[in-house]
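See below for the structure under consideration.
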There are 2 protein chains.
Amino acid sequence: MYSLLKNIEIFKPLSNEALERLAAVSKRVEHQKGAILIYADKIEPYFYILESGIARAYSDGENQQITFWFGQSGAVLFSFNSYINNSPGYENIELLENCSLIQIRLTDLFSLYDQHLEIANWGRKIAEQELIATERRLIDRAFKGAAERYQDFLDQSPELIKRVALKHIASYLGVTQVTLSRIRAAHK
Amino acid sequence: MYSLLKNIEIFKPLSNEALERLAAVSKRVEHQKGAILIYADKIEPYFYILESGIARAYSDGENQQITFWFGQSGAVLFSFNSYINNSPGYENIELLENCSLIQIRLTDLFSLYDQHLEIANWGRKIAEQELIATERRLIDRAFKGAAERYQDFLDQSPELIKRVALKHIASYLGVTQVTLSRIRAAHK
DNA sequence: TTCATTTTTTAACATTTGTAAAATGTTGCC
DNA sequence: GGCAACATTTTACAAATGTTAAAAAATGAA
């Protein structure tokens, strides 16, 4: 029953046959705002696609918590280390709103990667898209000041500004909350 | 004739059959120190694996050049945007020493991805490993000061310190050359 | 609404890092 | 060796950002 997946952007390039194979191991789940779907230092067995709601990934430091990823509808959500190296991760993933998600067990997904050419290439493209977005951010940190990064964030993710606490956005942008406040004050 | 590839780390997980398919589209090339293998703003048709020598990727800004990647023996080397989105990239890749490389035409590689399950999954893992390394660096920028990042670089890439100009290492670490000099002076 | 809690802003000051320019060191070539 | 080109360090000063603490504003629950 692939109708579950058919309308989600990330699945659109797939043939009906591939979709059915994925649908057979997919399950829709709902979780509440505040739920932690992925814990750092644990091997997490699931891969998720966010259908609705928003989430953030963060790591805990000694006296701070750094948010380094936001996910919106259509985003893939998983523990990088669990998925890639079968080892405990560094990120916690917290839902910032009530969310609806597609859940796939990693062992099922890996088994499809080993059986199904089209799905293997779909998985390749997921990693590639995450890669290019992550490197883009690393380079932007070098070339752009904090104020410009904030403006870019406003332009590219206008919904997130409304729905996410500024303290999370500050650490995502690589500045303290105080600095972000200063940027916003200067902006008016 | 897959002996060309057999001893290179990145090819080791592959079966002989997959290696032969890759070897059939691979070619060993040599380039001199200073050569630019990948140009920003161009769609680059090749994918390389570095056999010997070192290289760096950099982007040009208005009054600066930022190095954001170093490759050593075994590294994969390509224009992310050309490879992933078939569009011009943002990085130049320069050889910092005379290098020996394996060259594969992207169209040949993509064609193998579409035909060969094992090679598709090999390509998936390449992207995944790059992804996790890149995100790791982004997070380290948030949690570690410049001095600690320098120390980590020393620990993890002792050869590069000897062979690469400090100005390139400075921008790789996300600081100016003056700051790196100060860190090195304090370090003694 | 009212109270308690949390988030955001503001202020004052400290620290880090950047900028520009000069001084020093290094490399390769004639 | 000696010169030229380039890399690295040092210095003085400027700008950006961090830290701490407090005030103001927003949010959520009773």
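The chains referred to below are lettered A, B, ... by the order of the sequence lines, with proteins before strands, and numbering in each begins at 1.
A:K12 has a carboxylate O that lies under 4.0 Å from a charged side-chain N of A:E9, or vice versa, which qualifies the two as a salt bridge.
Taking 4.0 angstrom as the limit, A:R184 places a side-chain polar atom (N or O) nearer than this to OP1 or OP2 of C:dT9. A sub-4.0 Å separation between OP1 or OP2 of D:dT9 and a side-chain N or O of B:R182 is absent. Considering only side-chain N and O atoms, A:T176 lies under 4.0 angstrom from the phosphate OP1 or OP2 of D:dG18. A close approach under 4.0 Å does not occur between any side-chain nitrogen or oxygen of B:S181 and OP1 or OP2 of D:dT8.
Along DNA chain D, the nucleotide closest to A:K33 and the one closest to A:G145 are compared, and the more 5′ of them pairs with A:G145. With the nearest nucleotide of DNA chain D identified for both B:V178 and A:V175, B:V178 has the one nearer the 5' end.
Side-chain atoms of B:E20 and B:N16 include no donor-acceptor pair closer than 3.5 Å. Side-chain contact check for B:S100 and B:E51: at least one donor-acceptor pair (N or O, by modelled atom type) lies under 3.5 Å.
Looking only at distances, a side-chain donor or acceptor of B:R137 sits under 3.5 Å from a matching main-chain atom of B:F68.
A straight line from CG of A:L180 to C1' of C:dT7 spans 12 Å, rounded to a whole angstrom. In this structure, A:I183 places its CD1 atom 14 Å from C1' of D:dA15, rounding to the nearest Å. The distance between atom CD of A:Q177 and atom P of D:dA16, rounded to the nearest whole Å, is 21 Å. One atom, CD1 of A:I169, and another, P of C:dT9, lie 11 Å apart when rounded to the nearest Å. The distance from atom CD1 of B:I66 to atom C1' of C:dG18 is 12 Å, rounded to the nearest whole Å. Regarding A:R141, its CZ atom lies at a distance of 15 Å from the P atom of C:dT17, rounded to whole Å. Rounded to whole angstrom, the span from the NZ atom of B:K167 across to the C1' atom of D:dT8 amounts to 10 Å. Between B:K144 atom NZ and C:dT16 atom C1' there is a gap of 19 Å when expressed in whole angstrom units.
B:L77 is listed as a side-chain neighbour of B:L101, based on a closest heavy-atom distance under 4.5 Å.
Distance from the side chain of B:A185 is smallest to D:dT10 among D:dT10, C:dT7, D:dG18.
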